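The next block holds one structure in the form of structure tokens; read it before the comments.
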There are 2 protein chains.
Amino acid sequence: MNTTALEKVSLSIRALTMDAVQKANSGHPGLPMGAAELGALLYGEILRHDPADPAWADRDRFVLSAGHGSMFLYALLYLSGYRDMTIEDIKTFRQIGSRAAGHPEYGMAGGIEATSGPLGQGMAAAAGMAVAESMLAARFNTEKRKILDHYTYAFVGDGCLQEGVSAEASSLAGHLALGKLIVFYDSNKITIDGSTDLAFTEDTAKRYEAYGWQVLHGSMYNFEEIAELVARAKAETGKPSMIILSSVIGKGSPGKQNTADSHGAPLGEAEVAAAKAALGIPGDFYVHPEAFSYFQAKQGEWKKRREAWQGEFEAWSRENPDKRREWDAFYSGKAAPAAPPLFAPGDKAATRTAGNKALIAAAAANPNLVGGSADLKGPNAVGLPSGGIYSASNPSGRYIHFGIREFAMAAISNGIALHGGLRAFCATFMVFSDYLRPALRLSALMKQPVIYVFTHDSIFVGEDGPTHQPVEHLASFRAIPGLRVLRPADAEETVEAWAMAMERQDGPTVLALSRQNVTVFPKADPEWKNTIRTGAYVVTPPESAAPDVVIIATGSEVGLALEAAAKAEGKKVRVVSMISRELFESQPQAIRDAIVPPKVRAVCCEAGVRSGWERWAKPEDILSVEGFGVSGPAAKAAEHLGFTSAALAAIINR
Amino acid sequence: MNTTALEKVSLSIRALTMDAVQKANSGHPGLPMGAAELGALLYGEILRHDPADPAWADRDRFVLSAGHGSMFLYALLYLSGYRDMTIEDIKTFRQIGSRAAGHPEYGMAGGIEATSGPLGQGMAAAAGMAVAESMLAARFNTEKRKILDHYTYAFVGDGCLQEGVSAEASSLAGHLALGKLIVFYDSNKITIDGSTDLAFTEDTAKRYEAYGWQVLHGSMYNFEEIAELVARAKAETGKPSMIILSSVIGKGSPGKQNTADSHGAPLGEAEVAAAKAALGIPGDFYVHPEAFSYFQAKQGEWKKRREAWQGEFEAWSRENPDKRREWDAFYSGKAAPAAPPLFAPGDKAATRTAGNKALIAAAAANPNLVGGSADLKGPNAVGLPSGGIYSASNPSGRYIHFGIREFAMAAISNGIALHGGLRAFCATFMVFSDYLRPALRLSALMKQPVIYVFTHDSIFVGEDGPTHQPVEHLASFRAIPGLRVLRPADAEETVEAWAMAMERQDGPTVLALSRQNVTVFPKADPEWKNTIRTGAYVVTPPESAAPDVVIIATGSEVGLALEAAAKAEGKKVRVVSMISRELFESQPQAIRDAIVPPKVRAVCCEAGVRSGWERWAKPEDILSVEGFGVSGPAAKAAEHLGFTSAALAAIINR
């Protein structure tokens with residue numbers, strides 16, 4: 001280990017950080033300056049990676065969970081030779097068009113493995129990547145060749161460890177014995193408000209031992225020690241490891257290090273000058289020549305290592321053509337069509353139940369589909385008949401018992417999706433989507449095709465009452481950019497909804513499914529399975545002339561709309577099932593007009609708040625639920641809330 | 001201790017539970033049957049309460065965090081003599097109109113201290129109650145008399161302890177040394193999916209020791225032991241205590257106890273019959289006579305204890321008239337008007353900064369206002385100049401460093417509000433409201449007037465980028481029934497917004513505040529401080545005739561609207577500041593029409609998704625942000641996203 005060179009790398013990280021933040025007049029110098037030594041060692045000596053191929057399937061993953069310290073990552077990507085990250089990006093840190101955005105954003109540059117910034121989630125995503133690695137390794141590795149054999153590293157700060165999501169993920173990671181997950185805890189004892197003593201005095205090491213982790217201690221500023229700790233972490237194959245490195249935030253800034261002042265604001269020109277003088281940094285955006293030459297010398301070694309893997313991979317492909325075909329399918333980014341379960345008009349089934357059949361079909365056609373529920377396998381109806389339960393002793397299991405940890409479940413699912421090779425689904429009651437909403441947002445922001453199965457999707461939950469009856473959730477999902485919300489109306493639509501979710505590659509999908517039985521209704525449009533992909537289709541038979549009223553309904557309310565339509569007095573009523581409002585709203589005008597004709601009175605019906613439906617109907621023409629629900633049998637609850645086909649018919653006949 | 005009677009109480013809890021769940025054909029018998037002994041002891045011997053006065057200020061609090069076991073609570077309220085809870089309620093468990101709703105709902109019956117059901121939050125609320133008790137005790141108790149001196153108990157299950165919110169709250173509770181918080185952990189090792197071994201194998205006791213708790217162990221079925229453990233918990237005044245009671249879920253059901261089958265579904269008639277036979281229960285909704293007589297005999301003792309407190313309280317009132325006046329103000333449920341900070345047109349200030357001035361004024365006028373931020377005291381601008389930091393050594397401190405624990409912060413704030421006597425506020429970046437959304441929902445459902453200060457309320461956050469720029473959040477807040485969202489447009493409006501938040505007693509308020517400076521604009525309406533309480537008012541001078549266009553804007557976009565109005569070409573433009581859309585929408589037609597005249601073209605402008613604005617304007621007449629934000633200086637980010645006064649002017653002039 002060339003510690004002299006590593007020191008120069010550390011120096012260069014500090015130099016780039018100070019200047020980038022100062023030039024942007026915005027940013028967080030404290031973390032990159034405080035943890036520069038780890039960064040140097042990590043990118044130089046620890047990570048199995050090749051900057052020339054950031055997509056290498058068997059690379060080690062590194063997630064900067066404490067994403068505010070983004071300059072740590074950018075400086076290292078630049079120094080170690082990731083081509084996407086240039087000195088121009090760093091000089092335009094936090095400016096529009098720069099790949100060096102305020103927080104790391106997945107997709108902006110190779111080497112950014114996850115969008116981070118919302119604290120704690122990066123750690124959970126890393127756990128998801130480690131899960132994915134073990135699943136894929138179990139499936140593809142042979143006794144002769146280990147095609148997948150990499151580590152997942154995460155970098156967390158005090159903030160990440162205070163967040164509940166990291167607690168959930170860590171408890172589960174310990175349970176799952178994720179031996180190839182290694183977390184560096186940058187313990188600098190400073191947060192925005194000041195000393196961690198203000199709010200965070202627990203014994204974190206002991207807590208992690210309680211989770212079943214190996215906990216190791218060291219100094220941020222001792223290369224040999226960190227390397228040795230990493231070796232010990234790797235040697236412990238039955239537990240995730242946390243390496244606690246005591247550090248000094250903003251190290252190198254003589255006037256601000258070890259204070260909250262260095263956390264999240266530029267040091268100021270005078271302090272930058274003082275730091276440069278103290279550290280011996282001769283100019284702006286300085287990189288020490290030895291830092292460059294150190295990483296330049298590494299390129300050949302890295303290339304050789306990756307090429308050796310490539311050779312292994314090709315040999316493995318020749319020896320295992322079936323596995324190779326499966327590998328290609330896994331990494332194709334495409335879902336195979338499922339053999340859909342068949343339903344017929346008149347069948348009664350909750351859409352969650354139909355959803356399980358569709359899930360099982362999708363899983364049979366796509367062996368890379370994995371997932372589970374937050375302790376609601378039965379109620380969510382997401383059991384898988386084959387593959388078994390994922391665990392340390394059965395890493396090829398495809399069903400994950402996430403425990404009662406909705407947020408970690410979703411963040412881990414993001415990690416599984418980000419890893420590549422697998423599709424992830426996760427499930428809970430719709431009302432508890434609130435618990436995982438921050439991860440749902442990150443799925444959308446990172447364009448990850450995670451499938452969220454949210455059952456018990458309205459007041460028709462019934463007896464469990466308002467704490468378990470979503471009313472605002474559909475509206476709040478639709479507000480998230482890039483999230484597709486599908487609320488199928490019966491078992492047949494549910495099959496299509498699952499297919500649509502599997503087809504989607506560029507973002508997450510919510511499947512909003514009913515607890516209660518709904519009856520499969522006849523569909524007049526012979527092309528409905530195509531038309532539904534516009535987000536809506538006409539359920540009722542074509543009218544002889546323009547309809548008088550169009551009822552737009554979603555999910556279980558389409559059945560209610562059909563009932564109400566039958567009560568219409570002397571009016572031609574068209575019923576439209578709008579499985580995805582936002583998808584429909586994105587269609588060209590002509591398509592929209594064909595389904596919901598302009599200038600025809602529209603009436604909307606959905607068992608949730610009306611927000612957003614005002615685009616389609618006047619407030620008085622929307623049957624909605626504007627308050628919280630009520631505890632009682634579903635039909636009685638609906639009646640109590642005035643949410644019935646009679647009420648809808650009264651609107652139509654008004 | 002009359003253990004024979006306590007056994008009869010336990011038997012009666014089991015009997016009532018089985019029958020209520022069976023009759024409802026819905027519910028969770030496992031917890032009440034498994035923990036009946038603790039319930040008997042708690043309500044008979046441990047709690048300092050008086051069922052005749054459930055509002056007694058110095059009662060012990062008990063929160064059933066595992067709210068699905070609601071029959072535990074209902075049976076005990078009924079047996080111990082809370083008048084609100086009748087046998088009729090229990091016989092109509094989970095039916096509309098019954099106080100025995102599916103999950104405990106705050107406000108439905110005396111003795112229900114919190115709405116629970118969403119797991120983990122009850123534990124955090126209990127921590128909040130313990131915080132409130134210590135704050136009020138520090139303020140009101142004298143050396144001579146302890147007017148406030150009660151414990152807070154919580155009942156948690158495996159689910160509560162897997163949720164991240166309980167982890168956050170417990171870490172903070174340990175830090176705050178909440179010695180009067182006592183948590184019973186019903187460790188039955190069964191969840192819905194089956195054995196906790198499926199997903200939850202951590203060493204929970206060790207984890208709680210790591211948080212700085214006292215951890216005690218015992219059996220659920222040994223009255224003397226539990227009583228002794230509670231005594232030890234009380235004796236440890238410097239730490240919260242967790243009492244882990246090993247138990248058997250569904251105990252008493254010969255065929256289903258110790259299995260997930262007893263968790264959340266009726267036992268079935270045959271099994272109920274078998275259980276009754278095994279337990280010696282002779283009929284339906286059976287209460288053993290000794291259970292009744294035991295609690296009847298308690299009434300006098302309880303009354304005497306409460307009356308003794310009343311006597312103390314009156315003596316204390318005579319001795320401390322100033323404190324008594326303050327007490328009355330604290331418990332009045334009314335906020336005193338603040339001496340508002342003054343701003344003038346032309347002043348430039350971020351609304352968060354103006355918010356801090358208003359908060360300080362509100363806190364000066366209302367010494368019962370307490371709160372804090374999730375490690376963003378400075379950025380959220382919620383520092384308080386007086387009172388100091390709340391801690392074990394300074395329990396009269398009014399500022400709480402919640403740490404980087406948004407969810408626990410909000411759930412604890414709910415607990416503070418529920419306790420009575422205090423008003424609570426809490427703060428974070430608006431985008432991280434996602435982390436606490438489940439508690440925000442419970443604030444609304446429980447009608448608790450918690451004030452949520454959410455700063456950095458739009459893409460104008462700038463450099464931190466899309467992970468820190470809310471776009472969907474205003475829409476998603478407005479979807480929550482009963483939540484009031486106030487987005488003031490300048491410093492003057494911010495002062496009114498804080499006043500409106502303080503005035504509100506029957507539900508939570510979100511204050512959406514800007515990071516960036518906005519300029520105080522002149523207000524033509526001399527009554528604007530009244531008119532704004534309708535949710536909106538006209539900013540611009542009265543027009544000579546009907547305006548051609550009305551721009552409806554909120555928050556920092558009102559300034560942008562005024563700029564755009566100045567660019568209108570030959571059109572009379574009215575600018576309306578709509579500080580609260582849902583409040584405005586709840587006004588009578590005449591008021592709405594006076595501010596936004598019908599049949600006049602309306603243009604809406606808000607830096608977030610347009611969902612909900614379609615009620616007021618056509619999609620093409622809404623200037624919104626339909627995708628995620630971008631990292632860059634605020635003005636450049638807005639320009640990049642097409643969100644400028646020029647773009648708004650172009651819409652107006654179209």
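Letters A, B, ... are given to chains in the order of the sequence lines, protein chains preceding strands, and every chain is numbered from 1. The shown structure was predicted, so the numbers you read here are calculated from the model rather than taken from an experiment.
With a threshold of 4.5 angstrom between heavy atoms, B:T201 approaches chain A through its backbone and through its side chain. With a 4.5 Å cut-off on non-hydrogen atoms, B:V625 does not touch chain A at all. Only the backbone of B:D197 comes within contact range of chain A, with at least one heavy atom under 4.5 Å from a heavy atom of that chain. Looking at B:E582, neither its backbone nor its side chain comes within 4.5 Å of chain A, counting heavy atoms on both sides. Only the backbone of B:S116 comes within contact range of chain A, with heavy atoms under 4.5 Å apart. Both the backbone and the side chain of A:A444 come within contact range of chain B, judged by heavy atoms closer than 4.5 Å. In this structure, chain A has no heavy atom under 4.5 Å from any part of B:P104. Residue contact with chain A, scored on non-hydrogen atoms closer than 4.5 Å, involves the side chain of B:F407 exclusively. Both the backbone and the side chain of A:V471 come within contact range of chain B, judged by heavy atoms closer than 4.5 Å. At a 4.5 Å heavy-atom cutoff, A:F93 makes no contact with chain B through either its backbone or its side chain. With a 4.5 Å cut-off on non-hydrogen atoms, B:A101 touches chain A through its backbone and its side chain both. Neither the backbone nor the side chain of A:E639 comes within contact range of chain B; no heavy atom of the residue lies under 4.5 Å from a heavy atom of that chain.
Of the listed residues (A:H473, A:H401, A:E168), the greatest number of heavy-atom pairs within a distance under 4.5 Å of chain B belongs to A:H401. Comparing B:E585, B:R610, B:R441 by how many heavy-atom pairs each has under 4.5 Å with chain A, the most go to B:R441. For the options A:A439, A:G159, A:A637, A:G212, heavy-atom pairs under 4.5 Å to chain B are most numerous at A:G159. Here B:T191 is the residue among B:T191, B:V609, B:V630 with the most heavy-atom pairs under 4.5 Å with chain A. Ranked by heavy-atom pairs shorter than 4.5 Å toward chain B, the options A:E406, A:H28, A:R478 are led by A:E406. Between chain B and the options A:S433, A:S373, A:S476, A:A479, heavy-atom pairs under 4.5 Å are most frequent for A:A479. With chain A as the partner, the residue from B:D203, B:T467, B:D375 showing the most heavy-atom pairs under 4.5 Å is B:D375. Among the candidates B:A100, B:A169, B:A210, B:G164, the residue making the largest number of heavy-atom pairs closer than 4.5 Å to chain A is B:A210. Between chain B and the residues A:R615, A:E614, A:Q162, A:Q95, the most heavy-atom pairs under 4.5 angstrom are made by A:Q162. Most heavy-atom pairs under 4.5 Å with chain B: of the set A:E626, A:K636, A:K618, A:E105, this distinction falls to A:E105.
Under the 30°/60° scheme for interplanar angles, the aromatic rings of A:H103 and B:H468 are found to lie parallel.
If you take NE2 on A:H68 and CG on B:D464, they are separated by 10.5 Å, rounding to the nearest 0.5 Å. Annotation: the span from A:L119 atom CG to B:I404 atom CD1 amounts to 6.0 Å, rounded to 0.5 Å.
Under a 3.5 Å cut-off, the side chain of B:H175 and the backbone N or O of A:L198 do form a donor-acceptor pair. Although no hydrogens or angles enter the test, the distance criterion places no donor-acceptor pair under 3.5 Å between the side chain of A:D434 and the main chain of B:R437. A distance-only check finds a donor-acceptor pair linking the side chain of B:Y435 to the backbone of A:P118 [under 3.5 Å]. Not a single donor-acceptor pair under 3.5 Å links the side chain of B:E472 to the backbone N or O of A:I480. When atom types are taken as modelled, the side chain of A:S631 and the backbone of B:G102 share a donor-acceptor pair closer than 3.5 angstrom. The main-chain N or O of B:K377 is found under 3.5 Å from a side-chain atom of A:D193 such that the two form a donor-acceptor pair.
Judged as a side chain to side chain contact (heavy atoms under 4.5 Å, CB included), and not counting sequence neighbours, the contacts of A:T204 are A:L161, A:Y185, A:F200, A:E202, A:R207, A:Y208. With sequence neighbours excluded, the residues forming a side chain to side chain contact (heavy atoms under 4.5 Å, CB included) with B:R515 are B:R352, B:H456, B:E463, listed by chain and number.
Between A:G632 and B:I96, the shortest heavy-atom distance links the atoms CA-CG1, 4.0 Å. Residue B:A167 comes nearest to A:A167 through the heavy atom pair CB-CB, 3.7 Å, listed as atom of the first residue, atom of the second, then distance. Listed here is the closest heavy atom pair of A:S611 and B:S611: OG-OG, 3.9 Å.
For B:E209 and A:K206, the salt-bridge test passes: some basic side-chain N is under 4.0 Å from an acidic carboxylate O.
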